[in-house]
Amino acid sequence: MTPRAWRAQVLRGLAAPAAAVALSLVAGAVIMALSGVSPAVAYVSLLRGALGSPEAIGRTLQNATPLILTGIAVAFAFRGGLFNIGGDGQFAAGATAAAWAGVTLSLPPVIGPVAVLALGGLAGGLVGALAGALKARFGAHEVVTTIMLNFIVADLSTWLLLHPLSAHSQVPGSDFALPSNRLPMIGGGLAGAHLGLVVALAGAVVASVVLWRTPYGMELRVSGLAPRTARYMGASPTVAAAAALGGGGLFAGLAGAGEVLGTYGHMTVPFVTSLGYLGIGVALLGRNHPVGCVAGGLVLGALSSGGQQMQFDVGISAHLIDVLVGIVLLFVTVQTLRRRTGPRRARAARLAVGGR
Amino acid sequence: MLDLTELIASTLRFAAPLIFAALGGILCERAGVVNIGLEGLMLTGAFFGVLGSYLTGSAWAGLLCAIAAGTALALVHAIMTIRFGADQIISGTALNLIGLGGTSYLLTQVYGNPGSSPQVAGFVSTPVPVLKDIPVLGPALFAQSWFLWGALLCAFAVWWFLNRTVTGLRLRASGEAPKVLEAAGVPVLRLRYGAVAASGALCGVAGAYLSLCLLTAFSENMTAGRGFIALAAVIFGGWNPLRSMVAGLFFGFASALVIRLPQDMVDAQFLNMIPYIATILALVVFGRGVRGPAAAGVPYRPGTGGTAKK
């Protein structure tokens with residue numbers, strides 16, 4: 001592809017997500033106006049909270065860190081033709097593993113956080129791979145199993161935090177991770193931003209390289225685009241499904257471990273996030289490309305830190321941001337799919353209820 | 001000591017909203033539109049049920065508001081997926097985000113204090129004379145709200161509708177073989193719009209049951225995953241209204257055990273897992289036998305003889 005054609009394709013690729021975000025901001029303005037708040041004032045405040053100062057940028061980066069990774073968790077599986085709605089459960093599995101290992105493993109600095117992160121990624125990956133294996137072996141659809149696993153993992157994690165991992169302190173939850181296992185802050189006035197961000201960026205690079213520069217990634221993508229061709233090539237559908245969801249789960253697990261080691265230091269009960277579901281929005285904004293997920297994560301991260309500021313300044317509930325993300329999802333799926341309705345999409349959709 | 005009366009009563013109370021929402025999910029998916037947004041629809045119903053009752057002082061008006069709000073949000077799903085061919089899973093996820101974010105947003109906008117709404121007029125229990133005096137079963141079955149009976153009746157009604165009426169047959173055809181249905185001159189899309197709207201209405205009722213009957217107030221994220229348990233009941237029951245009703249009762253029983261079993265016997269978290277594990281087991285054990293409507297999830301383009309491209 002000539003550089004010019006490539007540039008044109010990238011620009012076209014950016015147009016749809018940008019339009020979706022713009023439309024949802026317009027919808028947000030309407031909601032604000034109906035609530036009796038000036039949208040202009042509110043959006044200025046949102047912008048200030050997202051990018052207005054080093055601390056604001058720090059919080060945006062902090063929010064973006066897990067979102068980038070849960071976005072990759074969705075995008076990676078999607079490239080293998082599978083829907084990963086299980087980001088929440090994989091995230092919780094990674095966080096719980098890190099909550100345990102962060103307290104238990106006494107390792108030298110640098111090695112400590114790396115080892116704990118690896119365990120978190122492994123835990124998330126195992127939860128994802130379980131859904132993949134159930135799909136390949138029994139035909140149990142991944143949309144259903146990953147949703148169910150979200151709740152199973154959440155309950156299991158709550159039980160672990162209340163019993164074996166409990167710190168027996170005022171706040172129910174685990175002990176704080178050893179300082180040597182914590183992820184250091186980036187510093188430089190960027191409040192809250194920690195080295196988990198570097199992990200997320202590295203994750204995006206690794207996911208891209210794996211998907212587009214390794215035989216494994218090739219097999220995965222062919223399995224997603226043309227399952228029959230993949231079988232003809234000798235790829236095992238079982239391995240492909242487990243690898244797509246397991247690989248995706250690994251990134252969500254890293255996100256959970258990163259939050260425990262970087263942002264919170266420990267895990268509390270209830271540990272409710274919807275980062276896994278928001279990851280679907282990140283992946284869609286990023287056009288299911290790991291590098292796109294970095295951009296998508298930064299946009300949603302900025303919206304969420306800006307939303308907090310907006311709540312503080314003009315008294316409009318930050319929950320409005322969740323609504324805006326929902327609207328982004330609706331717009332972006334319409335735009336993306338209209339251009340690419342084909343056998344693969346139809347098939348993926350048909351599988352969504354357990355059909356074949 | 002386990003109080004049998006209370007256990008049965010709690011089972012029914014927990015099962016009713018699951019059954020209503022599951023019936024909504026069944027109608028929608030049997031017509032060919034996957035709906036994983038039951039949770040968001042229920043939450044919306046719960047909020048607007050309370051808002052209606054708060055503004056008018058009448059629980060019935062609240063119920064109507066809940067139905068209207070559930071239907072309206074479901075129609076967003078319908079327009080996006082049927083008219084614009086949006087992905088049904090993603091649109092369903094959007095419903096959940098909008099339902100959770102939107103009700104939490106409105107909660108602070110309308111009532112000021114985030115967390116929960118003030119108490120409003122709700123539905124009181126309607127004991128049946130004579131029958132309520134039967135030992136053990138009387139208070140459990142006949143001293144409850146009519147809502148419970150509504151849920152069971154509704155399950156039979158939906159079964160009858162799907163299996164014994166022409167529209168029901170067409171609705172099932174719309175989910176299995178929309179091409180055939182269109183060839184027979186039946187407007188597929190209109191049926192699908194109707195089914196999605198009905199799912200919103202039923203989820204609205206389920207939500208109103210939570211906020212106007214179980215409690216008489218709205219609190220943030222009060223459905224707490226019940227919409228997903230209802231989705232589990234849809235699948236566990238194999239998209240059959242009566243079997244899903246039984247699944248709903250079973251899952252309701254699991255929830256009842258959480259509050260009725262002595263605290264030190266089983267930890268609540270393991271009982272909470274039952275519906276989800278049961279659903280995965282059902283998919284594994286019955287394997288490829290448990291499957292949804294053939295055309296569910298596939299956007300239908302009239303006049304093209306099927307999906308946009310084959």
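A note on names: the letters A, B, ... follow the listed sequences, proteins ahead of strands, and every chain is numbered from 1.
Between A:H319 and B:Y105 the shortest heavy-atom distance is CB-N, 3.8 Å. Residues B:G101 and A:V323 come closest through the heavy atom pair C-CG2, 3.5 Å. Here the closest heavy-atom approach between residue B:L97 and residue A:D322 is recorded as CB-O, 4.0 Å. Here the shortest heavy-atom pairing between B:T108 and A:S317 reads OG1-CB, 3.2 Å. What you find for B:L283 and A:T145 is that their closest heavy atoms are CD1-CG2, 4.2 Å. Scanning all heavy atoms of the two residues, the minimum distance from B:T93 to A:I280 falls at CG2-CD1, 3.8 Å.
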Checklist entry - Hey, mind stepping through A:V144 and B:I36 against side chain to side chain contact (heavy atoms under 4.5 Å, CB included) and telling me if it holds? => result CA-CA 9 Å; A:V144 177; B:I36 65 166; over 6 Å; no

Next on the checklist: Test side chain to side chain contact (heavy atoms under 4.5 Å, CB included) on A:F151 and B:I229; report intermediate values, then the result.
Outcome noted: CA-CA 10 Å; A:F151 290 97; B:I229 302 185; over 6 Å; no

Checklist entry - Between A:L156 and B:Q269, does a side chain to side chain contact (heavy atoms under 4.5 Å, CB included) hold up when you go through it step by step? => result CA-CA 7 Å; A:L156 191 63; B:Q269 287 82 29; over 6 Å; no

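Heavy-atom pairs under 4.5 Å with chain B were tallied for A:I85, A:L134, A:L278, A:I316; the largest tally goes to A:I316.
Looking at A:I152, both its backbone and its side chain come within 4.5 Å of chain B, counting heavy atoms on both sides. Heavy atoms closer than 4.5 Å to chain A are found in the side chain of B:Q109, but not in its backbone. Contact of A:L320 with chain B is made through backbone and side chain together, with heavy-atom distances under 4.5 Å. Contacts of A:I321 with chain B are absent, with no heavy-atom separation under 4.5 Å from either backbone or side chain. Heavy atoms closer than 4.5 Å to chain B are found nowhere in A:L324, neither backbone nor side chain. Using a 4.5 Å cut-off between heavy atoms, B:S104 touches chain A through backbone and side chain atoms alike. With a threshold of 4.5 angstrom between heavy atoms, B:E220 approaches chain A through side-chain atoms but not through N, CA, C or O.
The line from CG of B:N221 to OG of A:S274 is 9.5 Å long, rounded to the nearest 0.5 Å. The CE atom of A:M148 lies 5.0 Å from the OG1 atom of B:T279; values are rounded to the nearest 0.5 Å. Distance CD1/A:I147 to CD1/B:I280: 10.5 Å, rounded to 0.5 Å. We find the CD1-CG distance between B:I274 and A:D155 to be 10.5 Å, quoted to the nearest 0.5 Å. The CZ atom of A:F138 lies 10.0 Å from the CG atom of B:L281; values are rounded to the nearest 0.5 Å.
Heavy-atom neighbours of A:F312 CZ from other residues, nucleotides or ligands within 6.0 Å: at or below the threshold of 12.
Here the rule is side-chain contact (heavy atoms from CB on, under 4.5 Å) with B:I98, and of A:L329, A:V325, A:L330 only A:L330 fits it.
In this structure, B:F228 and A:Y277 have parallel ring planes: the angle between them is below the 30° cut-off, well short of the 60° mark.
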